[in-house]
Protein chains: 2
Amino acid sequence: MNVALNDINQTEITRLRVACSNCNLRELCLPVDLTPDEMARLEELSNQKRSYETGDYLYRSGDRFKSLHAIRSGSFKTRVLHEDGREQVTGFLMAGEIIGLEAISTDVHTCEALAMEDSEVCELPYARLAELSREIPSLQRHLYKIMSREIVRDQGIMLLLGSMRAEERLAAFLLNMSQRNAIHGMSATQLRLRMSRLEIGSYLGLKLETVSRAFSHFQEEGLIQVKARAVEILALPKLRAMVGK
Amino acid sequence: MNVALNDINQTEITRLRVACSNCNLRELCLPVDLTPDEMARLEELSNQKRSYETGDYLYRSGDRFKSLHAIRSGSFKTRVLHEDGREQVTGFLMAGEIIGLEAISTDVHTCEALAMEDSEVCELPYARLAELSREIPSLQRHLYKIMSREIVRDQGIMLLLGSMRAEERLAAFLLNMSQRNAIHGMSATQLRLRMSRLEIGSYLGLKLETVSRAFSHFQEEGLIQVKARAVEILALPKLRAMVGK
DNA sequence: GGGCTATTTTGACATATATCAAGTCAAACG
DNA sequence: CGTTTGACTTGATATATGTCAAAATAGCCC
């Protein structure tokens, strides 16, 4: 749930994402009125830093939940493993985004998160965040909002996944990647995908061949330029039109 | 998002639902330790009551969000209307359940809720609930949990919808209805569905004919006995097996 | 109860996606 | 530099679901 298809529905998308580079909670604070003192206390929470290499686990299913993590560099995917060993990708998390929210309720992670490339994260101990939010009502209210907005976002996904066809899903995915790139100051049209066709398919509920065909078809139509994982978006408006906006 | 497919994944399902008949927040309080005094204050919130006839709106898209509602009797559906007039059902809410959570973040309802039959609800003014939660830390924490558990639940839906086929979706739906029936002290096998095949299809992302065929097929297989909207579940374990558990 | 209407079921066919199987391409490695 | 390996693309076919149409059924009003 860390990643949302319906982001491309052009509602605000900044939300939980940390737009500034030093991995504090500025984005999270932005819409709430905090005093400089409160702000400082909030930023203190995110001072630690840790490195992960490609394939390393940030957390595994069953791990006790202690903290959220803000991704400073690199990217992660979250997944669940089914009994039969199949992998189901549930989200992609990029630099500047916060990961781990899904475990707040259970205190235990229900999926695993692993680095898709060498990455760095800052820890946000949840206990201290909650504690702080009890002292700062506007922060508390904001956390509520963040969480329930996640709900709305996912509801959006549900609606979309139920009714979207393969190419619409892929269009939504590309627009989502584009927007998240743009938020963090990178190109909105030049994408370097970190994930394989198989992973994209798993995330979108499609087979890798279907994903590949959709890429090819988009290229034929002049919507994008594909070169393996380097994708250039040529016709952003047309892609938007495909997903209904 | 008020309704979840993955409830049938046999995790706990009591959650937000109010199991006792007088529509207080007992279910909501249950897992938290409240003093009798705190409990009393909480129950005060749900004293009001209002009636709705079939087709009445509990709220509409765009309405200002003021309160949650606990359904004392009857049932509601939530939906969004697309530009072209198509209706998309996003949830079914039954007696004993709480509706409206999706609007907390935006302060405005993003979908509309209307009665599927004559119904009664109690209002839970959100401001007072939030205020109270500030004074009662364990309640605050519980609200966090409820909300983020909604997240997990919806994530479950996302996973399911992406990979489940028509009959699996219907099986999940039936099991969900069964469980919710059971929670509120009704039969787990004798279901009186309040919604049409069209609404079920809209909710599950299927066409009504597909829903109907799935019902028929289940009956042929001896899994259920169908008589219009009266459905008897004959082979609960087999249905469970269909959805992976 | 009889007729009316909406709902549900069923059938025939169309389309989208999955499946199976080659074949291509590119990075990694000796 | 050739080989290997994994990822990606493309093609042929199968299967699931959607679409269109008609018949059957149930609920409702008089």
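Within every chain, numbering begins at 1; the chains are lettered A, B, ... in the order of the sequence lines, protein sequences first and strands thereafter. Hydrogens, waters and symmetry mates are skipped; everything else that's a heavy atom, side chains included, is used.
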- Message: Classify the ring geometry of B:His109 against B:Tyr59: parallel below 30°, tilted from 30° to 60°, perpendicular beyond 60°.
- Response: parallel

- Task: Before accepting this row, confirm whether a basic side-chain N of the pair A:Glu87/A:Lys77 lies closer than 4.0 Å to the acidic partner's carboxylate O.
- Result: yes

- Message: For a side chain to side chain contact (heavy atoms under 4.5 Å, CB included) check, start with the C-alpha distance between B:Lys238 and B:Glu221, then their side-chain angles and the critical distance, and finish with the verdict.
- Response: CA-CA 10 Å; B:Lys238 285 188 186 171; B:Glu221 302 282 312; over 6 Å; no

- Task: Round to a whole Å and report the spacing from CZ of B:Arg165 to C1' of D:dA16.
- Result: 8 Å

- Message: Treating B:Asp56 as the side-chain partner and B:Ala115 as the backbone partner, does any N or O pair qualify as donor plus acceptor under 3.5 Å?
- Response: no

- Across the strands shown, which category fits B:Ser212 at heavy-atom distances under 4.0 angstrom: base, sugar-phosphate, nothing? base

- Query: So what is the end-to-end bend of the helix from C:dG1-D:dC30 to C:dG30-D:dC1, with 5 pairs used at each end and the value given to 10 degrees?
  - Reply: 30°

Just the table, please: protein N/O against nucleotides 19-22 of chain D N/O, every pair under 3.5 Å.
from	atom 1	to	atom 2	distance (Å)
D:dT19	OP2	B:Lys207	NZ	3.3
D:dT19	O4	B:Arg213	NH2	3.0
D:dC20	N4	B:Glu209	OE2	3.0

- First and last nucleotide of DNA chain C, 5' to 3', lying under 4.0 Å from heavy atoms of chain B: C:dT7 to C:dA12

- Item | Donor + acceptor pair across side chains of A:Ser202, A:Gln88 (<3.5 Å) | no

- Measure from CE on A:Met164 to P on D:dT17 and round the result to the nearest Å. 18 Å

- Nearest-Å distance, CZ (B:Arg197) to P (D:dT25)? 15 Å

- For A:Thr189 and A:Glu232, test the side chains for any donor-to-acceptor distance below 3.5 angstrom and give the result as yes or no. no

- Item | B:Thr78 versus B:Thr90, side-chain donor and acceptor atoms under 3.5 Å | yes

- What is the distance from CG of A:Leu208 to P of D:dT10, rounded to the nearest Å? 13 Å

- List the steps and the verdict of side chain to side chain contact (heavy atoms under 4.5 Å, CB included) for A:Val121 and A:Lys49. CA-CA 6 Å; A:Val121 305; A:Lys49 193 163 79 174; over 6 Å; no

- Task: Find the distance B:Glu168:CD to D:dA16:C1' and express it as a whole number of Å.
- Result: 12 Å

- Message: I'd like to know whether the aromatic ring centres of B:Tyr203 and B:Phe92 sit less than 6.0 Å apart in this structure.
- Response: yes

- Round to the nearest Å and state the distance from B:His217 atom NE2 to D:dT17 atom P. 12 Å

- Query: Atom CZ of B:Arg169 and atom C1' of D:dG18: how far apart are they, to the nearest Å?
  - Reply: 13 Å

- Message: Can you tell whether the side chains of A:Glu120 and A:Arg50 come within less than 4.0 Å, N to carboxylate O?
- Response: no

- Rounded to the nearest 0.5 angstrom, the CZ-OG1 distance for B:Arg194 and B:Thr54 is 10.0 Å

